[in-house]
2 protein chains.
Amino acid sequence: MLDNFFNKLSKGKTLTEAEKAVFGQHVTIKKLRKHQYFLQEGEICKSVAFVNKGMLRCYLVDEKNNERIIQFAPEGWFISDISSFISEDRSNLNIDALEDTELILISKAAHVYLETAVPEFFKFNYTQYRGAYIALQKRLIDMFTLSTEEKYTKLLSIYPDIMQRVPQHMIASYLGLTPETLSRVRKKLSVKKTGA
Amino acid sequence: MLDNFFNKLSKGKTLTEAEKAVFGQHVTIKKLRKHQYFLQEGEICKSVAFVNKGMLRCYLVDEKNNERIIQFAPEGWFISDISSFISEDRSNLNIDALEDTELILISKAAHVYLETAVPEFFKFNYTQYRGAYIALQKRLIDMFTLSTEEKYTKLLSIYPDIMQRVPQHMIASYLGLTPETLSRVRKKLSVKKTGA
DNA sequence: ATCGAAATCAATATAATTTCTTGATCCGCG
DNA sequence: CGCGGATCAAGAAATTATATTGATTTCGAT
């Protein structure tokens with residue numbers, strides 16, 4: 001059940017059976033159907049979720065009422081509104097399932113406990129946040145420097161798997177484009193390849 | 001905003017403006033998208049919902065993993081797992097939205113308060129439960145005594161509106177039939193009408 | 001034991017909804 | 001001005017949900 005989770009955590013090192021057991025006791029499984037929310041605007045985010053199966057998206061709703069996608073999270077990824085999780089105030093993000101999904105939830109208490117009880121977990125989180133920070137910074141820079149076309153092709157090359165599973169209009173939303181514009185960019189690209 | 005709600009409550013009598021204001025303070029609005037849960041198995045039901053717009057269904061999942069629909073709730077109806085609401089233990093029912101829906105939620109504290117503060121509300125609930133009890137008893141009797149065909153036609157005649165808005169396989173589930181069987185019953189009926 | 005009502009299994013048809021594309025037009029900015 | 005992209009509107013294409021049908025099986029009541 002928790003195998004994917006353990007593999008992810010112990011990348012490189014291995015967890016002892018005792019440590020695995022500790023996780024087993026502090027973690028809960030939750031299944032979401034497609035479209036179901038993990039977190040809704042206004043709620044306090046009570047846990048960090050490891051995606052064991054399926055896929056989620058994290059988005060916010062802007063003034064004009066369109067959904068702006070911040071992040072996708074397929075199997076093997078963690079997702080949460082860390083800000084809300086840590087400071088325990090109301091989230092302005094929404095996180096919902098793009099497919100039927102299975103999550104492994106780590107509550108705040110569990111999180112705190114596990115970080116001390118399993119040093120490996122602490123280190124893991126450290127690496128995780130640092131990595132996430134770096135990735136986000138890159139994304140920000142790309143947003144400033146790349147052309148729309150480049151943003152899209154780069155995205156494709158980094159997450160080809162995700163891009164296949166997600167409807168185009170969500171990719172557009174992730175890139176900050178309208179679906180129409182993305183459709184046209186794709187057409188242009190395919191012409192490039194096909195033609196001379 | 002709360003007009004439908006007040007109309008329903010004050011059927012016959014009229015609420016004073018003061019009373020309406022009291023309601024306004026103790027009640028919250030919640031919007032659900034199609035498919036979204038109001039209550040999920042395992043949770044404690046924290047409020048009674050008045051359906052202001054849209055429609056919900058209440059169902060349980062049986063041993064064989066099929067959904068058995070207990071109740072539909074279109075606009076103007078109340079829905080909740082009263083058992084869980086009153087005794088505050090985990091529900092084994094699921095309630096979700098069949099359409100985009102707007103609910104008016106009455107928390108337990110609000111419910112208790114309002115019943116004393118607004119005698120009209122107390123009486124209303126009294127009538128409501130009594131009526132619900134009677135209706136349920138009738139349904140039970142019908143389940144025992146009517147043929148499948150009769151159950152279906154009776155359902156149609158009592159809730160023609162609901163039957164139109166709900167997919168057939170859910171009606172089948174409500175009647176305890178497979179979708180195939182219901183489809184055949186309907187065919188037989190239409191032949192009856194059309195033919196000689 | 002057997003008849004009939006309904007379940008089950010499998011395939012297909014139909015309908016509804018989502019997703020994608022395209023054209024026309026407009027808008028802001030360097 | 002001219003470019004990149006938004007907006008609006010209409011269709012097309014694809015996917016998913018819903019409904020029907022036939023063949024076969026199960027099971028309780030006669």
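These numbers come from the heavy atoms of this one structure, side chains and all, not from hydrogens, waters or symmetry mates. Chain identifiers are assigned alphabetically (A, B, ...) following the order of the sequence lines, protein sequences preceding nucleic acid strands; residue numbering begins at 1 within each chain. Bear in mind the structure is a predicted one, so any value in this text is a computation, not a measurement.
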Exercise. For B:T28, check side-chain contact (heavy atoms from CB on, under 4.5 Å) against everything at least two apart and list the hits.
Key: B:L105
Self-check item: Near-strand residues of residues 138-148 of chain A, defined as heavy-atom separation under 4.0 angstrom from DNA chain C
Solution: none
Quiz item: Can you check the B:L182 CG to D:dA19 P distance for me, whole Å?
Solution: 9 Å
Quiz item: Which atoms form the tightest heavy-atom contact between A:N94 and A:E41, and what is the distance?
Solution: OD1-N, 3.0 Å
Quiz item: Aromatic ring centroids of B:Y174 and B:Y159 under 6.0 Å?
Solution: no
Practice problem: Report yes if a side-chain nitrogen or oxygen of A:T181 is closer than 4.0 Å to either non-bridging phosphate oxygen (OP1 or OP2) of D:dA6; otherwise report no. | Solution: yes
Exercise. Could you pull out all residues at least two apart from A:Q128 that satisfy side-chain hydrogen bond (donor to acceptor under 3.5 Å, both in side chains)?
Key: none
Quiz item: Counting heavy atoms not belonging to A:R90, are there more than 12 under 6.0 Å from its CZ?
Solution: no
Practice problem: Summarise how protein sits on nucleotides 25-30 of chain D as a single string, 5' to 3': B when a protein heavy atom is under 4.0 Å from the base, S for sugar-phosphate-only contact, - for no contact. | Solution: ------
Quiz item: Between B:K8, B:K53, B:R165, which is the residue that forms a salt bridge (Lys or Arg N to Asp or Glu O under 4.0 Å) with B:E75?
Solution: B:R165
Quiz prompt | Min side-chain heavy-atom separation A:F121-A:E19 under 4.5 Å | solution = no
Quiz prompt | Which residues share a side-chain hydrogen bond (donor to acceptor under 3.5 Å, both in side chains) with A:N92, sequence neighbours left out | solution = none
Quiz item: Relative to each other, are the rings of A:Y113 and A:H26 parallel, tilted or perpendicular (30° and 60° limits)?
Solution: parallel
Quiz item: Do B:F23 and B:F50 make the cut of ring centroids closer than 6.0 angstrom?
Solution: no
Quiz item: Remaining members of B:I141's ILVMFWY cluster at a side-chain heavy-atom cut-off under 4.5 Å?
Solution: none
Self-check item: Outermost DNA chain C nucleotides near chain B [under 4.0 Å, heavy atoms]
Solution: C:dA6 to C:dA10
Quiz item: Among residues 152-165 of chain A, which contact DNA chain D at a heavy-atom distance under 4.0 Å?
Solution: none
Quiz item: B:V51 and B:I104: same hydrophobic cluster, using ILVMFWY side-chain contacts below 4.5 Å?
Solution: no
Quiz item: Looking at five pairs on each end of the helix from C:dA1-D:dT30 to C:dG30-D:dC1, what is the angle between the two axes, given to 10 degrees?
Solution: 30°
Practice problem: Taking the side chain as every heavy atom from C-beta outward, state whether A:V166 and A:R57 have any atom pair closer than 4.5 Å. | Solution: no
Quiz item: Taking OP1 and OP2 of D:dA19, is either one under 4.0 Å from a side-chain nitrogen or oxygen of B:H169?
Solution: yes
Quiz prompt | Interatomic distance, B:F85 atom CZ to B:I106 atom CD1 [nearest 0.5 angstrom] | solution = 8.0 Å
Quiz prompt | Nearest-Å distance for atom pair NE2/C1', residues A:H35 and D:dA17 | solution = 12 Å
Quiz item: Hey, is the side chain of B:S183 poking within less than 4.0 Å of OP1 or OP2 on D:dT20, counting only N and O atoms?
Solution: yes
Exercise. Spell out, yes or no, whether B:V27 and B:V22 are grouped together once hydrophobic residues are joined by side-chain heavy atoms under 4.5 Å, including indirect joins.
Key: yes
Exercise. Would you kindly compare A:K34 and A:V185 by the position of their nearest DNA chain D nucleotide and give the one closer to the 5′ end?
Key: A:V185
Quiz item: What residues join B:I70 in its hydrophobic cluster, counting side-chain heavy atom gaps under 4.5 Å, either direct or through other members?
Solution: B:L60, B:L93
Exercise. Report the distance from atom CG of A:L98 to atom C1' of D:dT15, rounded to the nearest whole Å.
Key: 15 Å
Quiz prompt | Close side-chain approach of B:L189 to B:Y152, heavy-atom, < 4.5 Å | solution = yes
Practice problem: Would you check if A:R33 and B:Y37 make a side-chain contact, meaning some heavy-atom pair closer than 4.5 Å? | Solution: yes
Quiz item: Other than A:F144, which residues form its hydrophobic cluster under the rule that side-chain heavy atoms must be closer than 4.5 Å?
Solution: A:L140
Practice problem: State whether B:K187 places a side-chain N or O below 4.0 Å from either non-bridging phosphate oxygen (OP1 or OP2) of D:dA19. | Solution: no
Polar-atom pairs under 3.5 Å, protein N or O versus N or O of nucleotides 8-13 of chain D: list them with distances, or write none.
residue, atom, partner, partner atom, Å
D:dC8, N4, A:E180, OE2, 3.2

Practice problem: Could you state the atom-to-atom distance from CG of A:D62 to P of D:dA6 in whole Å? | Solution: 12 Å
